[in-house]
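Everything on this sheet refers to the single structure shown next.
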Amino acid sequence: MKKFILLLLLTVIFTGCSKKEETIIDNSEYWKMEIKNALVCTTMSGVQSSVQYDGNILEIPLEEMPEQGNLFLLMNLNIEKEKSGSSVFSWKDLCIIDEEGNSYKRHPNDSFLEIMKYKRIKATDITLGQNEGYVCFEIPIEKAKGNLWLNYSSENDEIKAKIKIENKGEIK
């Protein structure tokens, strides 16, 4: 009995009692998804240039703001199809999940990212190849202070990755 207790104690000491947190759970048969970086911002601004009929260039300042109490979560993603087949990466299957289980879908029209000089991943379903660029989500400010996960769940694929916001300290 003493040997068993000693063995149990040594096992706890050498393996540790703390729970190791998984940052990526990948049960995908077809797709590989990587978060290259994640940023939050309360407003985005840029300038769009428009060539007029007379040849002059008109610069139009643009500003995009989330709804009151929300912020934009921008993520630079790399989504790659690793296996041939009929699997489609559908944006309706991708969401952000907060600590309470609330989910947030991709911004319905994040085309403003291109005007703001961010390379954007198209919002149509992906069927092949490697696709890299930014996508935008709008989430409550308070939820951005906690843990967030990017979750892709479809018939054949399950990918869950913890989001590490680079400028999280700037959230007020």
Side-chain angles (χ1 to χ4, degrees), residues 23-51 59-144 146-168 170-171:
T23 56
I24 297 176
I25 298 168
D26 185 355
N27 295 320
S28 175
E29 186 177 341
Y30 293 96
W31 298 97
K32 177 182 172 188
M33 185 170 61
E34 174 190 6
I35 303 172
K36 300 190 114 205
N37 70 345
L39 306 165
V40 290
C41 57
T42 55
T43 185
M44 294 187 72
S45 56
V47 176
Q48 184 175 20
S49 299
S50 176
V51 179
E59 292 191 348
I60 305 165
L62 298 172
E63 185 173 75
E64 192 72 32
M65 296 180 67
E67 289 183 23
Q68 183 76 25
N70 289 351
L71 50 69
F72 290 129
L73 171 58
L74 307 177
M75 284 191 293
N76 187 5
L77 300 178
N78 184 25
I79 301 169
E80 183 177 357
K81 189 167 189 179
E82 293 190 304
K83 179 180 173 184
S84 62
S86 61
S87 179
V88 173
F89 188 96
S90 179
W91 292 107
K92 69 177 178 52
D93 297 327
L94 183 78
C95 67
I96 302 292
I97 298 177
D98 66 23
E99 291 175 320
E100 296 170 359
N102 301 309
S103 64
Y104 309 93
K105 295 290 187 182
R106 182 178 179 174
H107 193 283
N109 184 9
D110 62 4
S111 59
F112 62 85
L113 289 173
E114 293 172 344
I115 296 168
M116 310 301 177
K117 307 297 183 225
Y118 289 91
K119 181 184 174 196
R120 175 181 169 261
I121 293 182
K122 63 182 182 173
T124 57
D125 290 345
I126 300 171
T127 56
L128 57 96
Q130 185 171 345
N131 301 270
E132 185 178 333
Y134 281 86
V135 294
C136 180
F137 294 84
E138 190 172 328
I139 60 173
I141 293 170
E142 290 304 311
K143 302 299 182 185
N147 291 316
L148 298 170
W149 293 267
L150 182 63
N151 188 66
Y152 182 76
S153 183
S154 69
E155 187 177 319
N156 296 318
D157 301 291
E158 180 76 34
I159 304 171
K160 188 173 184 179
K162 187 168 183 181
I163 301 169
K164 296 175 184 161
I165 300 173
E166 292 180 15
N167 60 340
K168 196 171 201 168
E170 297 176 20
I171 301 172

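Given the structure is predicted, the values throughout are model-derived calculations rather than measurements.
- For the salt bridge (charged side-chain N to carboxylate O under 4.0 Å, His left out) test, no residue two or more places apart in sequence or in another chain qualifies with E99.
- With a 4.5 Å cut-off on side-chain heavy atoms, I163 and N147 do not count as touching.
- Rounded to the nearest 0.5 Å, atoms CG (L113) and CE (M44) are 5.0 Å apart.
- Here the CG atom belonging to L148 is positioned 9.5 Å from the NZ atom belonging to K162, to the nearest 0.5 angstrom.
- No option in K119, R120, K105 other than R120 meets the salt bridge (charged side-chain N to carboxylate O under 4.0 Å, His left out) test with D110.
- Counting heavy atoms from C-beta outward, I126 and I121 have side chains that approach closer than 4.5 Å.
- Applying the salt bridge (charged side-chain N to carboxylate O under 4.0 Å, His left out) rule to E155 yields no partners; only residues at least two apart in sequence or on another chain are considered.
- Between W31 and K83, the closest side-chain pair of non-hydrogen atoms is not below 4.5 Å.
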Which atom pairs, donor and acceptor, lie under 3.5 Å between side-chain atoms of residues 90-98 and protein residues at least two apart or in another chain?
| from | atom 1 | to | atom 2 | distance (Å) |
| --- | --- | --- | --- | --- |
| S90 | OG | D125 | OD1 | 3.3 |
| W91 | NE1 | K122 | O | 3.1 |
| W91 | NE1 | T124 | O | 3.1 |
| D98 | OD1 | E100 | N | 2.9 |
| D98 | OD1 | G101 | N | 3.0 |
| D98 | OD1 | N102 | N | 2.9 |
| D98 | OD2 | N102 | ND2 | 3.0 |
| D98 | OD2 | Y104 | OH | 2.8 |

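- Two residues are said to be in side-chain contact when any heavy atoms from C-beta on lie closer than 4.5 Å; E132 and K36 meet this criterion.
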Could you go step by step and tell me if L73 and C136 meet the side chain to side chain contact (heavy atoms under 4.5 Å, CB included) rule? CA-CA 6 Å; L73 171 58; C136 180; over 6 Å; no
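- Between the side chain of K81 and the backbone N or O of T127 there is at least one donor-acceptor pair closer than 3.5 Å.
- The aromatic rings of Y152 and F89 lie parallel to each other, their planes meeting at an angle below 30°, with 60° marking the opposite boundary.
- Residues L62 and V47 form no side-chain contact, since every pair of their non-hydrogen atoms from C-beta on lies 4.5 Å or further apart.
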Side chain to side chain contact (heavy atoms under 4.5 Å, CB included), that's the test. Do M33 and E80 meet it? Break it down for me. CA-CA 6 Å; M33 185 170 61; E80 183 177 357; over 6 Å; no
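- Nearest heavy-atom pair across M116 and G46 is SD-N, 3.4 Å.
- Considering I165, N76, N167 as possible partners of N37, the one that fulfils the side-chain contact (heavy atoms from CB on, under 4.5 Å) test is N76.
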Check the pair Q48 / E59 against side chain to side chain contact (heavy atoms under 4.5 Å, CB included), numbers first and verdict last. CA-CA 6 Å; Q48 184 175 20; E59 292 191 348; over 6 Å; no
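- Atom CD of E64 is separated from atom CG of N109 by 8.0 Å, given to the nearest 0.5 angstrom.
- The minimum heavy-atom distance between R106 and F137, with the atom names listed, is N-CE2, 3.3 Å.
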Let's go through Q130 and N78 carefully: what are the C-alpha distance in whole Å and the side-chain angles of both, what is the deciding distance for side-chain hydrogen bond (donor to acceptor under 3.5 Å, both in side chains) to 0.1 Å, and is it a yes or a no? CA-CA 7 Å; Q130 185 171 345; N78 184 25; 3.2 Å; yes
Show the numbers, then the answer: is there a side chain to side chain contact (heavy atoms under 4.5 Å, CB included) between L74 and Y118? CA-CA 10 Å; L74 307 177; Y118 289 91; 4.0 Å; yes
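- The CE atom of M75 sits 5.5 Å away from the CD1 atom of I35 when rounded to the nearest 0.5 Å.
- For the pair V40/I141, no side-chain contact is recorded, criterion being any heavy-atom separation below 4.5 Å from C-beta on.
- Side-chain atoms of L71 and T43, non-hydrogen and from C-beta on, never get closer than 4.5 Å to each other.
- Checking S153 against N151 by side-chain atom types alone, no donor-acceptor pair falls below 3.5 Å.
- When the shell of 6.0 Å around CD of E63 is examined, it contains more than 12 heavy atoms from other residues, nucleotides or ligands.
- Aromatic rings of F72 and F112 (six-membered ring for Trp) have centroids within the 6.0 Å cut-off, being under it.
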